[in-house]
Amino acid sequence: MRKSLLSVSLSAVVMSGLPITTFTISPTAYAASDADCSIWLCLPTGFPSGCGVAKNAFKKRIKKFKSPLPNFSSCLLKGSPQSSTMTHKEGVAAKMPDGSYRNGQRCVFDVDSSGNIYPFTWRPYGCVDTWYYVDIYMDGQAYGEKFYYQR
């Protein structure tokens, strides 16, 4: 993981027979990648069209059991003023057959050695699977929709 992204371009310009080398240095950002940072922009809207790179970065992060989002401050340019505070909250949710979720609960049920589910042992009753979610907050207020996903 890179701690800083520094683009340096070299160009040799020959003027009056003397080579002159110039360096162009872009502002330093402390992030794993631009793709990781773009998750902050795309996740609150459910990764709409044009957010494929961010969605792939999100999937890669959760596949490696990393936090779904990088630290927001790691995505800011060094020295830039921070006008808003961005945070996120992760959680679990039991997915129900009707497509709804019960936030804060895992889907748990008992299975015998043959793979049969014991009736009435679901917690919460009738759940289908355990999903995960991410909420994003800007200055303490919910920003965008809760995003549900499976690992």
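These values consider heavy atoms only, across backbone and side chains, with no hydrogens, waters or symmetry-generated copies.
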Requested in this report: Quick one: pull up OH in Tyr143 and OG in Ser84 and give me the separation to the nearest 0.5 Å.
Outcome: 9.0 Å
Requested in this report: Hey, can you tell me if Trp40 and Phe72 have their rings parallel, tilted or perpendicular (30° and 60° cut-offs)?
Outcome: perpendicular
Query raised in the report: Should we count OH of Tyr133 as having more than 12 external heavy atoms under 6.0 Å?
Result: yes
Query raised in the report: With the threshold set at 4.0 Å, does a side-chain nitrogen-carboxylate oxygen contact exist between Asp129 and Lys95?
Result: no
Report task. Mark yes or no for whether Asp139, through its side chain, and Thr85, through its backbone, hold a donor-acceptor pair below 3.5 Å. Result -> yes
Report task. State, to 0.1 Å, how close Val108 and Cys127 come at their nearest heavy-atom pair, and which atoms those are. Result -> N-SG, 3.9 Å
Query - Side-chain donor/acceptor of Ser33 to backbone N/O of Asp36, under 3.5 Å - result: yes
Query raised in the report: Do Trp131 and Tyr101 have ring centres separated by under 6.0 Å?
Result: yes
Query raised in the report: Hey, is NZ on Lys55 packed in by over 12 heavy atoms from elsewhere, all under 6.0 Å?
Result: no
Requested in this report: Please say whether more than 12 non-hydrogen atoms of neighbouring residues, nucleotides or ligands are located less than 6.0 Å from CD in Gln141.
Outcome: no
Query raised in the report: Could you state the interatomic distance from CG (Leu43) to CG (Asp135), rounded to the nearest 0.5 Å?
Result: 9.5 Å
Query raised in the report: Ring centres of Phe47 and Phe58 under 6.0 Å apart?
Result: yes
Query raised in the report: With a 3.5 Å cut-off and no angle check, do the side chains of Thr45 and Glu145 form a donor-acceptor pair?
Result: no
